[in-house]
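In what follows, chains are A, B, ... by sequence order, proteins preceding strands, each numbered from 1.
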Amino acid sequence: MMTQILTVLAFLLMALGVWGLMSRRHLIRIIIGFSLLDTGVHLLLVAFGYRSGGTAPILSDGIGVSGLVSGAVDPIPSALVLTAIVIGLAVTALMLSFAVRMYARTRSIYIDKNKELKW
Amino acid sequence: MATADTQTRRYQEPGAPGNAAVVNPDPRTVTGPAGGTGQGDVQTVDGQLRILTEELKLANADLRSEDRGNFCDHPPEVIKPFRAFWENFLNWARSESLWILGFGTGCGAIELRPLMTSRFDMYQYGIQGRPTPRQSSVFVIGGYASVKTMKRIVRSYEQMQGPKFVLGLGSCTINGGMYWDSYNTVNRLDHYIPVDVYIAGCMPRPEALLAGFVKLKEMIKRGECEGANRYAENFEWYKANQKRIIKNWDMPDYNW
Amino acid sequence: MTQMILTKALYTVISLAVITNYALILIGTMARIRAKVQGRVGQPFYQPYIDIVKSNAKRTSISHGVMFFLGPVFRLAGGLGTYLFIPAIFGSVIFSNFSFSGDLLLMMYFIFFGQLGMALGAGESGHPHSAIGVARGLAQMTAFELPFVLSVVALAAQYGTLSITEIVAAQQGGFTHWAAFTNPLAMIAGMIAFLGMSGANPFSVVVAPQEIPIGPPTEMQSSFLGMLQTNRAIFNGAKMVLFMNLFWGGAAHENLLVAILIMVVKTFLIYLYVTIVGASFPRFKTEQSIRFFLGVPTVIGIAAVVLQMV
Amino acid sequence: MVSPVVLIAASLGFAFLYPLVERLGERAATRIALLVLAAFAGTTAGWTVSLIGSGVALTADTAGFVAPLSIQLQVTAVDALAMTVVTLLALAALVQLTERATDRWHGKQVVLFFVLLLGSYGLIMTRDLFNVFVFMEISGISVFGLLSTSRDGRVFEAGFKYMVASGLASVFFLIGTAFVYRSVGSLSIADITAAAPVALASPVGVMGLLFLVTGILIELKPAPANGWAIDTYQAADPGIGALLSAVNATAMVFVLVRVMPILAGASPVFVPLVLIAGAGAFLIPQAQALLQESFKRMLGYSSVAQIGLVVLAIVIPAAGVPFAGVALAVPLVLLLNHAVAKATLFWIADATGDDASGFGGSLPASLRGRPALLVVAAIAVLALLGLPPFPGFWAKWSLVMGLAAGGHIGLLVVVLLGSLLEVVYLGRWLIMRMRHVDDDATVVSQRIPADFAESRADAVSGAASGASDASGAAAGAIPVGATVSLGLATLLMAGASVAALLGSGVGMPVLIVLIGVAAFAVLDVLRIPLRLQAIVAIAGLSWWGVSAVSGAALTLQSGFVLLFVGGAVVQLVALLARPGRRAGLVALIVGMVLSLAALTAATSPLEVFVAWELMTLTSFFLVVRGRFAAAASVRYLTFSLASALLMLAAFSLATAANPAFGTGGGVIGTLTTSVPWAAVLLALSVLIKLGAIGLHIWLPSSYAEAEDEVSSLASSVLSKAGILLLFLGAGSFAAPLFAGVALNQVLGWIGVITALAGGMMALFQEDIKYTLAYSSMSQLGYMVLAFALMSHLGWVTALYLAVNHLLFKGMLFLAVAGIVMRTGTRLMYQMGGLIKRMPFSFVSVLVGIIAVSGVPPLAGFGGKWLLYTALIEQGWYLQAALALFSSGIAFLYLFRLIHSMFLGQRKTHHDTVTEAPAAVLIPQFVFLVIIIAISMFPNLLIKPLQTIVEPAFASSVRWEGYTVISSLGYWNGNAVMYVVIGVFLAPLLWLLAVKGRTYRVEQFNIVFAAERPHTPQSTHYAYNFYGHYQKAFGRLLDPWVERFWSGVSATAGTVSQTLRAWNTGNPQTYALQILLYLFLTYLVARGGL
């Protein structure tokens, strides 16, 4: 159940992100939209690994490997999400820095003034 | 052309050399003079005119140097007839096939046209028109010859291939006729080109022209029409005369 | 072998002598007929002979160069060759000429030989009018060539051969067998083309006297002109003999003299036709005659060919 | 063997260490970096060698577990090979980037470079789906970092777009990964592949894979959702462009290669999906690139297109010959071919420092004076275009064969059309680079000075062409880094080419061509003068030709060898007239002749095609040498390669229908196919090469604007290749194809109309070379007509015409070469009266034109006689009449030619011209003697031709002595000759006997309406000689075909304009396009709405 809710939420978040990405003119807002999209995907990954009532997939005292396999949520998506978040962070940072340089060049933070290359 | 020159020219017109005087014993036909006095009697303008170089080539002094190479510089030569019998046959053929150069040099040209008509029908005498001097044997000077036309007459005459014959049509060709004192009309044609037959009158009727042709034919058959050879013989005399009146020469001294 | 060659040479001389004299007289006669029509006496029928003698009797001549010198030679060679590749009289050994060397195609292309030589000679004269005349002549030639070729192809298709002798042979046996009646469309196209080929009015723009003096031979004089005059006779004769062979049953009779007579009559009529048309029409401009030939005559020619195909 | 992990670790480690290394000094650090890269290259090369030997994969599991618990890295032979090439290119790139004049890379750029390399290695080696994502992002981030160091400020805008797009792609990929993981429970690609048919066949699984594949595709920058990538290529430092195109893209393709089995296993919708995606990605950018003014942007379009082609190749199993056995060989070869070539082009853009594409003629001719750079650029362009002998050629051949075999006709069309478009823009760039400095690249027809000025300076000078090439080298020297990297790339390409050639199974002849070209290229490098080279070539070719045909029976094959080699050898003599050096001239001529010979010796469709392409290439480079040949050679290249592509299509269709098609070879009818469309395409292909009406617009300007000796070779020798092809494909054209109409009927009409139209157009040319070029077109039309008859006589005629055309057109073009050399003009009305100055040339032209026009007694008549006899025999009456009409037209333009040049009035400034050099005259007179001989004795030529045709048709003519007799008529060339001599001599003797005293006069001694001629110019009747003809025909003579093709060109431009307007430059539009792309893939997968 939780998985379904999370999945729906994830897609909603992604849709929101895409909407932001597509409809805003301000570069920073576009980047925010992009981050939302990213987060949505991360949520989706987590949702797919979720097991209702599962514990965190941490091997600790009292829970054997068998307990972990039967009781914990899938650890791999979590691991993946961690990586993805890091990467997303890096990309977001790069995007922001590029936005700054674009602003420096064209004195405009709006996307319409930053589309010199075309055709 | 400056009027002064021509005015001067009119009063200084030289007497024809020796036996070249024109008489007109018969108002219908006049035999021409036997030509100039020959070599050594070259008339010069300002003492500078030379027609022939030392190699006996044409000097072509009036041509621009870059044009000289484009013109043949061989002077005309006297070409002896064949022996009597054969030459008589050829002369018969020449006389029976008279091709007129279609060049109406003056008002008399109008008298040529009726010859083609059914009334006069020159074809029955073996006479017909020809559009190019190369192929013609008779040059009919149709009346007065202005200085301007004279240049073209000389050129066309020289371009005809010998034996060639000249008919002077009308009084103007004999003595200038009614234009005798005009500033630009040649008074005596045979000072410039050898004339075989004169047809006096102003204007002579086509019948007179026909009569002239008949006369010409008789003369050809007798071997008397050696105008081309006479021209070659007295070449320098003719040239001097021509050049005296034609100022903007601008062509070779002999137009092959 | 030697005897054979000598015999052939003799025959050739006879054949050429007949055609040359006949054609010269024909030209003279035709001029006289034209004069009569115009109410004149006209020149003697032997005037062409005198003119040729006169031209050759000129004491001087000028030459513009080798090709100019050879031009009339090429022209006359073209005329002679054209005649010699046609069997003039069907069934006659003497008048079969050198028709064994090639067929109709050879003849059609050999016509170019003289044209080319003359055009080269005229070209070397350096006279612009010669070149203009040649340009006009060649242009007009290609134009009348098309209906002519179509009619020839129609004939070749009809008789299944390109050999002139066989085409004539197929027309024997009464005038209804003549191609003129068995293949009238081809005949019409061919005979219209013949008008262009003979260069008379209305297709005389090539020489166009008084306009470009006289076209290609403007500079030709003396003996050169004499050769051209000779060729005019022979070449005309050759063409008339060709058309007689193609469309009008050729000249055939067991008696050679009668056969010659037949040839004389037929070619005379063909020439008369050209003369009448020439006397009746004014001159076309070059582009007009090109358009003319590529118009109705070509359509007729195509019709003749198509009729052979169906 | 070194473990794969080491490579990853070393890259990463060195990247991190680099700041420390740089303490040693910048130069030293970069040298060390290069050493490291060299070590990598050694490693990967070592893998390649050993893996190809062993045939097993090299596997490494990370973190101490086996897959699927750990991430598995695996290197197969293919991977290793790709990695080797990638590493070598990276090495070359680093040299170029660190050793250039400005913006040398250092510090963080080198670090990022190694990270990028690491990403690429990872993408190739990893066998874990999520790991793919990681390496994708590593590559991406390093690319963004590198981009930010570019000098062009617009790069941030481009980079931003790139990030948005690749972010979306990552999202898709992650979503896909999530679905896949959810369905399969593993991230190991091996596991997923195994489980795919079951676990991923569900709608959810397919949906996930759809996301996954869309993500991968977007990363591959597919049109029409790739504007961001193009913008990046345009703005980025060309060095980065090279990396992106050569390293990054190559690695990304491997992701698709890994995923493809999963997709194919899961659902049948994916193969068509990827096919469509690949086709779109290939075709659309090619069209978009047409109007690009920025070279880098154009290369960007080309890159994405090439990757599209690779995507296609991944899906299509290779059915063709060379690489059939090896999995992935075709895409791999295409990929590596592209990587090397594209990197080279980017480096050249960097080295020459200008970014013009040549569209609109704005490009400086900067390569003309730099032979080495020119060779490198040409190799890169040709390799990209997939021309032999470069590896891409074989791959493209296999791909096309595969497409046809698989029945993917639509894709076949896409591939060929895209290739053609690529030819246009890349060829244009190369040509604009190579053109002469004087050439404004607009010359496609004769040029008449507007004011009629008789200025010699204005005159079109063929004599000077090629002499002052060095003046084109205005730009500075190439940086040492670029030299090394370009050299490395070229070596790589050369090595690959040789390897591919050896592996292709194509026979010796092709190798001989290459060796021939290379040998003479070496002579050029050694600065051997042209004359010496020509002598060597004459000797070599003669020896080779003699040894090739001696002892062999006379067949089509040996006959054409004789024609090609003999014709060329004789004409090569003319080169002896040219002092000094002409780099490449002899090499290319030899190459052309040898490839023509290879064409005759070809025993399989592939060999035919290779030889055909080589011939096209060598002749193209010969044409482009002309002083004003740029525009003409654009046409030549485009139409020639269009012809080649049509031939490829024909061969592929024919082979698909009949695997034995074309094998055995060398005899009449080898290339016979019963597939109607294959026959039509083959015919079209040959017709283009023969300049048939409608397809001819390349011919006049190419023949005319080439150097004079080249014109003669092209027209007399090269043009016969098409005729040979006609004979090889003979059987294809005879059978009724459509509605009972056989192709040969159509061919016949095309031939005769070509003959007529060519002649008509020749009539109105003032430029002598254009006249002759159109004349060639016309004559080729005759040959097509004769061939199309499909009868014994027709074929003998076609061959007779071919031989005759070789002889007289060689004579004419060489005579013209001599005249142009002496007079400095090609315009006929500027000549005149040359007969007295150049009598030998005159004789040669005279005999030439008599031979063309078919006037007896010369050999030309034989051709005409045979032709009309054959035509009438077959009942082709109307064609016969038209052919005769056009032969009259030929007579017209030929007379114009000889008149305008030799007769009439000589210009004053030509008074001093002298006869053409003996070296130019000798070949003419050799031909002349041959013409006279076969005119006297027609059996000398006709009988051997009958022998050649004998295998196909029994003789339909018989011989009686010298008389040839057909069913219709007869012809005795010998007798005709004697009669003509007789009738010529008789009047001549008569004339000599009766003529009076004859005076030899000069040119102005003409009657001129009693005036004297003013100047030769105003007296020479030559300009617009047939004005009345033009008047008579009026609108019929309008340049309809030219107009049609400008229309086609304009339409292509409009399409290109429309398509590229799609790339608006707005990241949000690009994002929308990407989403639409996803939706489209969904629709395709669903099979509609």
Side-chain angles (χ1 to χ4, degrees), chain C residues 56 58-65 67 73 76-77 80-81 84 98 100-106 109-110 112-113 116 119-120 123-128 131-132 134-136 138-139 141-142 145-146 149-150 153 156-157 160-163 218-219 222-223 227 286-287 290-291 302 305 308-309, chain D residues 833 835-836 850 853-856 861 864-865 868-869 872 875 877-878 880-881 884-885 888-889 891-892 895 898-899 903-905 963 968-972 975-976 979-980 983-984 986-988 991 994-1001 1003 1005-1008 1019-1022 1025-1026 1028-1029 1031-1032:
Chain C
N56 283 312
K58 287 279 186 186
R59 289 181 191 150
T60 61
S61 60
I62 58 159
S63 162
H64 287 275
M67 278 323 292
V73 179
L76 184 52
L80 291 171
L84 289 179
F98 292 90
F100 61 83
S101 317
D103 49 27
L104 198 46
L105 291 172
L106 175 69
Y109 268 93
F110 200 74
F112 288 111
F113 185 83
L116 177 65
L120 290 174
E124 205 189 8
S125 76
H127 200 295
I132 293 173
V134 171
R136 292 176 175 185
L138 294 179
M141 178 191 75
T142 56
E145 222 28 26
L146 188 54
V149 164
L150 283 165
V153 168
T161 178
L162 280 166
S163 153
T218 300
E219 283 287 315
S222 308
S223 333
M227 306 201 72
T286 321
E287 58 266 29
I290 292 173
R291 285 190 170 177
I302 291 175
V305 168
Q308 294 304 322
M309 285 161 78
Chain D
I835 178 172
K836 299 190 177 70
I850 292 180
S853 53
V855 174
F861 175 70
K864 303 286 180 193
W865 184 86
Y868 301 122
T869 307
I872 295 173
Y877 303 132
L878 289 177
L884 241 156
F885 179 51
I889 303 280
F891 191 64
L892 251 64
F895 177 73
I898 196 166
H899 168 84
L903 308 177
Q905 299 281 335
T963 311
L968 284 168
Y970 51 90
W971 169 52
N972 183 339
V976 170
V979 171
V980 170
V983 295
F984 185 80
L988 181 61
L991 179 64
V994 303
K995 77 184 177 63
R997 194 170 299 181
T998 304
Y999 296 92
R1000 179 77 168 69
V1001 297
Q1003 65 188 86
N1005 289 108
I1006 56 175
V1007 296
F1008 202 60
T1019 316
H1020 188 44
Y1021 178 73
F1025 201 76
Y1026 291 117
H1028 39 63
Y1029 225 83
K1031 237 177 183 174

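- When each of D:Leu903, D:Ile872, D:Val979, D:Val980 is scored by its heavy-atom pairs under 4.5 Å with chain C, the top score falls to D:Leu903.
- If you look at D:Phe1025 and D:Tyr1021, their ring centroids are closer than 6.0 Å.
- The greatest number of non-hydrogen atom pairs below 4.5 Å with chain D, out of C:Ala157, C:Gly65, C:Ala135, is found for C:Ala135.
- The contact between D:Phe861 and chain C is made entirely by side chain atoms (from C-beta outward), counting heavy-atom distances below 4.5 Å.
- At least one donor-acceptor pair closer than 3.5 Å links the side chain of D:Tyr1026 to the backbone N or O of D:Leu892.
- Both the backbone and the side chain of C:Ser163 come within less than 4.5 Å of a heavy atom in chain D.
- Taking all atoms of both residues into account, the shortest heavy-atom contact from D:Gln905 to C:Gly126 is NE2-O, 2.8 Å.
- Here D:Arg1000 pairs with nothing under the salt bridge (Lys or Arg N to Asp or Glu O under 4.0 Å) rule; sequence neighbours left out.
- For the set C:Val134, C:Leu104, C:Leu84, the count of heavy-atom pairs under 4.5 angstrom toward chain D peaks at C:Val134.
- Between chain D and the options C:Ala119, C:Gly81, C:Gly160, heavy-atom pairs under 4.5 Å are most frequent for C:Ala119.
- You'll find the side chain of D:Lys1031 stays beyond 4.5 Å of the side chain of C:Thr286, heavy atoms only.
- When D:Thr869, D:Val1007, D:Leu988, D:Thr963 are compared by the number of non-hydrogen pairs under 4.5 Å with chain C, D:Val1007 comes out ahead.
- Of the listed residues (C:Glu145, C:Met67, C:Gln308), the greatest number of heavy-atom pairs within a distance under 4.5 Å of chain D belongs to C:Met67.
- Annotation: maximal heavy-atom pairing with chain D below 4.5 Å, among C:Phe98, C:Tyr109, C:Phe112, occurs at C:Tyr109.
- Ranking D:Gly875, D:Ala1022, D:Pro856 against chain C, the residue ahead of the rest is D:Pro856, based on heavy-atom pairs under 4.5 Å.
- In this structure, the side chains of D:Trp971 and C:Asp103 stay at 4.5 Å or more apart for every pair of heavy atoms.
- Both the backbone and the side chain of D:Leu878 come within contact range of chain C, judged by heavy atoms closer than 4.5 Å.
- The residue among D:Ile898, D:Asn1005, D:Val976 with the most heavy atom pairs within less than 4.5 Å of chain C is D:Val976.
- Heavy atoms of D:His899 lying under 4.5 Å from chain C belong exclusively to its side chain.
- Interface remark: D:Val994 contributes backbone and side-chain atoms alike to the contact with chain C (heavy atom separation under 4.5 Å).
- Every residue two or more places apart in sequence or in another chain that forms a salt bridge (Lys or Arg N to Asp or Glu O under 4.0 Å) with C:Glu124 is listed here: D:Lys836.
- The closest side-chain heavy-atom distance from D:Thr1019 to D:Gln1003 is not below 4.5 Å.
- When C:Ile290, C:Val305, C:Ile132, C:Val153 are compared by the number of non-hydrogen pairs under 4.5 Å with chain D, C:Ile132 comes out ahead.
- A parallel orientation is assigned to the rings of C:Phe110 and C:Phe113, their planes being inclined by less than 30° (bins at 30° and 60°).
- Contact annotation for D:Tyr1029: both backbone and side-chain heavy atoms come within less than 4.5 Å of a heavy atom of chain C.
- Contact annotation: the side chain of C:Thr60 approaches that of D:Tyr999 to within less than 4.5 Å [non-hydrogen atoms, C-beta and beyond].
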